[in-house]
Amino acid sequence: MAGGQSNMEWALKSAVIGADQEIEEGGFPKIRFFKVPKSYSARPQNELEGGEWEVATPENMPDFSAVAWFFAKRNHLEKNVPVGIIESNWGGTPAEGWTELSVLAGMNASYSKEALDILENQDTWQEEVFANEERRALRDQLVPKPDSLKALEVASVKYNDSQWKKVNLPQSNPLEHIAWVRKVFQANSTEAATLHLPRIDQMGYVYLNGNLLHYKDWGTTTPDLEIPASSLLEGNNVLTIRAVNTWNNQPSIGATGEMYILQGDKKISLEGIWSYSNNKVEPLLPKVDFLNWKPGMMFNAMIYPLINYPIKGAIWYQGESNAGRAEEYHELFAAMITNWRKVWGLGDFPFLFVQLANFMERKSPQPDSNWAYLRDAQKETLDLPNTGMAVIIDIGESGDIHPKNKKEVGERLWLQARKVAYKEKLVSSGPVLESATLRDGTMVLNYSEVGEGLQTSDNSESVKGFIISDSRGNFTEAKAVITGNNEITIETERANISEIRYAWADNPEVNLINHLNLPAVPFRYRFEEE
């Protein structure tokens, strides 16, 4: 089972590093994927809405979960066994949506009252599910493609957009529904040019002078677009974009310094005033609620129908959508894992999960990081038997919640599988804190999982990523050095040291690894607990 939210769902075709080579190599006939159709229900369902097993061929592989692919490939090659992956995942979803209602209703958490309501009023909730899906069906008819004749008219130089409103892109974003925007710019010649406009969120049709230049799909970046000389006019030209964002109904276009046309050595800026319309070209989109996020809804439709299908284990990549509620995630995540094991009736099957990557602006110290607290809650879940955690604190991207290095993620999960599922004796993670002592301003940290010894990824003499706190909760960065095969020492003149943390920020700067280049596991340690 490969479950979770968008980072597990993320397909090979979506700009994943190394995916082209994987697809060109042709896949493996003994690796097959089954993608559970997205669905949700107030009542447990006995059947899936569809889906079929697909062989790993160049034709099918682009749509496979990238993380699950790299995991399955290693499993197949190293153990010489056929591997089937059941994908049951949905972007943006919280863990409570994947957990049984009766379990959630018995807990004392933010979702428990609503879980009980759904459990006791299934008919009413199911009616709303049907109504919401009717609205979704209507929206999905409107979203994919504009009427071709209407689009050509709206994108033409002669179109009168005087009734449209004005917007200053990229500073403002009043765009909603199916947004159309137009920008008139001047070209001094018809020399061929290049359009640089990488950011259109989520989907977009890009037109120049009435001609379609490019369609940008969800999960992709708009490449630099070549504009042939035949498409440009000397004098006034018009760039038109149709943008849609089904995620939050707020499409956005452009970023500062990333909106221009390059013609020879001349840069034509596209920042500034554009004309826009949210409703004059196409109708407003119907409101579609994220009912699948509700407690138990996806469990009922995407997990429960699978429980009579024997599985060997589960891999899981989720947590971003629970990051603001880390204080209840440990109990929730542990309850979900226990719940799955109970309903499958296969014992404590291996459950391997990915800890959140580094993401967002780098700040230090950042003791109040929601993502750090969520990572800590994930780590605590290792108290459950037959669990393993892949740490990826070193391969995230500050500006993208969907880091493209999925190969490392899948292969680090596979290392955990070798240890947890296959019971191999090996180093399966980065360094793990075993003990910490503090005496006269000197901290000594001892680690396990060091393999051939502690190292730094940048060959620096100092270890980055430690912060220490006094008894009042004032955190500062700490200077640390490797002083032994499994030992780190920190000297400080600060008094009343109460706590030390490592890799504790949304996007911490860290460099501690072992000989396998696996990053050290984030932690927090309070000295007064001794």
Side-chain angles (χ1 to χ4, degrees), residues 3-6 9 11 34-52 63 87-101 104-105 111 113-151 175-180 201-205 215 217-219 242-252 277-306 321:
Q5 55 183 110
S6 56
E9 183 182 3
F34 183 101
K35 189 163 185 66
V36 174
K38 290 188 169 101
S39 183
Y40 57 98
S41 172
R43 301 191 196 98
Q45 302 296 301
N46 292 318
E47 300 288 339
L48 297 175
E49 290 193 349
E52 61 182 348
D63 292 316
E87 284 193 56
S88 191
N89 41 56
W90 196 331
T93 53
E96 61 265 28
W98 298 99
T99 310
E100 193 169 8
L101 282 166
L104 300 169
Y111 40 75
K113 185 177 180 180
E114 189 168 49
L116 182 62
D117 184 47
I118 297 171
L119 196 61
E120 293 179 342
N121 300 284
Q122 290 184 4
D123 290 344
T124 301
W125 276 98
Q126 198 64 12
E127 288 176 5
E128 178 53 27
V129 167
F130 291 144
N132 197 53
E133 285 308 290
E134 287 181 355
R135 296 192 295 270
R136 183 192 302 276
L138 176 57
R139 183 197 69 183
D140 290 350
Q141 288 178 5
L142 297 170
V143 163
K145 192 174 183 180
D147 176 83
S148 56
L149 293 178
K150 185 68 173 178
L175 307 180
E176 295 180 294
H177 301 281
I178 301 176
W180 285 82
D201 193 17
Q202 288 171 307
M203 299 168 282
Y205 284 81
Y215 168 65
D217 202 355
W218 179 87
R242 176 194 191 257
V244 187
N245 187 334
T246 57
W247 175 254
N248 61 8
N249 202 31
Q250 293 182 325
S252 60
S277 168
N278 289 327
N279 60 359
K280 294 188 180 302
V281 181
E282 296 182 77
L284 299 179
L285 295 175
K287 186 176 186 297
V288 180
D289 294 315
F290 288 98
L291 294 185
N292 61 303
W293 290 21
K294 298 289 186 183
M297 288 283 194
M298 292 175 299
F299 174 89
N300 284 339
M302 298 177 68
I303 298 298
Y304 190 79
L306 301 170
S321 290

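What's counted below: heavy atoms across the whole structure, side chains too, no hydrogens, waters or symmetry copies.
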Closest approach of [X] to [Y] (non-hydrogen atoms, all atoms of both residues):
| X | Y | result |
| --- | --- | --- |
| Gly91 | Glu9 | N-OE1, 2.8 Å |
| Trp293 | Pro94 | O-CG, 3.6 Å |
| Asn278 | His177 | O-CB, 3.9 Å |
| Val143 | Leu285 | CG2-CD2, 4.0 Å |
| Gln5 | Ser321 | NE2-OG, 3.0 Å |
| Leu104 | Ala115 | CB-CB, 3.7 Å |

Atom pair [atom1]/[atom2] of [X] and [Y] - distance to nearest 0.5 Å:
| X | Y | atom1 | atom2 | answer |
| --- | --- | --- | --- | --- |
| Asn245 | Gln202 | CG | CD | 4.0 Å |
| Thr93 | Met298 | OG1 | CE | 4.0 Å |
| Gln126 | Ser41 | CD | OG | 3.5 Å |
| Asp117 | Leu101 | CG | CG | 10.0 Å |
| Gln45 | Leu306 | CD | CG | 12.5 Å |
| Asn89 | Met302 | CG | CE | 6.5 Å |

Would you call [X] and [Y] a salt bridge, using N to O less than 4.0 angstrom?
| X | Y | value |
| --- | --- | --- |
| Asp123 | Arg43 | yes |
| Glu128 | Lys294 | no |
| Glu52 | Lys35 | no |

Are the side chains of [Y] and [X] in contact, using a 4.5 Å heavy-atom criterion?
| X | Y | result |
| --- | --- | --- |
| Glu100 | Asn300 | no |
| Glu134 | Leu138 | no |
| Pro283 | Leu142 | yes |

Q | From CA spacing to verdict: side-chain contact (heavy atoms from CB on, under 4.5 Å), Ile118, Tyr111 | A | CA-CA 11 Å; Ile118 297 171; Tyr111 40 75; over 6 Å; no
Q. Are Thr99 and Phe299 close enough, and set up right, to give a side-chain contact (heavy atoms from CB on, under 4.5 Å), and what steps lead you there?
A. CA-CA 6 Å; Thr99 310; Phe299 174 89; 5.7 Å; no
Q: Begin with the C-alpha distance, continue with both residues' side-chain angles, and end with the deciding distance and a verdict on side-chain contact (heavy atoms from CB on, under 4.5 Å) for Val281 and Lys150.
A: CA-CA 8 Å; Val281 181; Lys150 185 68 173 178; 4.2 Å; yes
Q) Is a side-chain N or O of Asn132 found less than 3.5 angstrom from the main chain of Asp289, in a donor-acceptor match? A) yes
Q.
Let's go through Trp90 and Trp98 carefully: what are the C-alpha distance in whole Å and the side-chain angles of both, what is the deciding distance for side-chain contact (heavy atoms from CB on, under 4.5 Å) to 0.1 Å, and is it a yes or a no?
A. CA-CA 10 Å; Trp90 196 331; Trp98 298 99; 3.9 Å; yes
Q: Would you please indicate yes or no on a ring centroid separation below 6.0 angstrom for Tyr40 and Trp125?
A: no
Q: I would like to know whether Arg242 and Glu282 meet salt bridge (charged side-chain N to carboxylate O under 4.0 Å, His left out); could you show each step before the answer?
A: CA-CA 10 Å; Arg242 176 194 191 257; Glu282 296 182 77; 2.8 Å; yes
Q.
Tell me whether Tyr304 at atom OH has more than 12 heavy atoms from other residues, nucleotides or ligands lying less than 6.0 Å away.
A. no
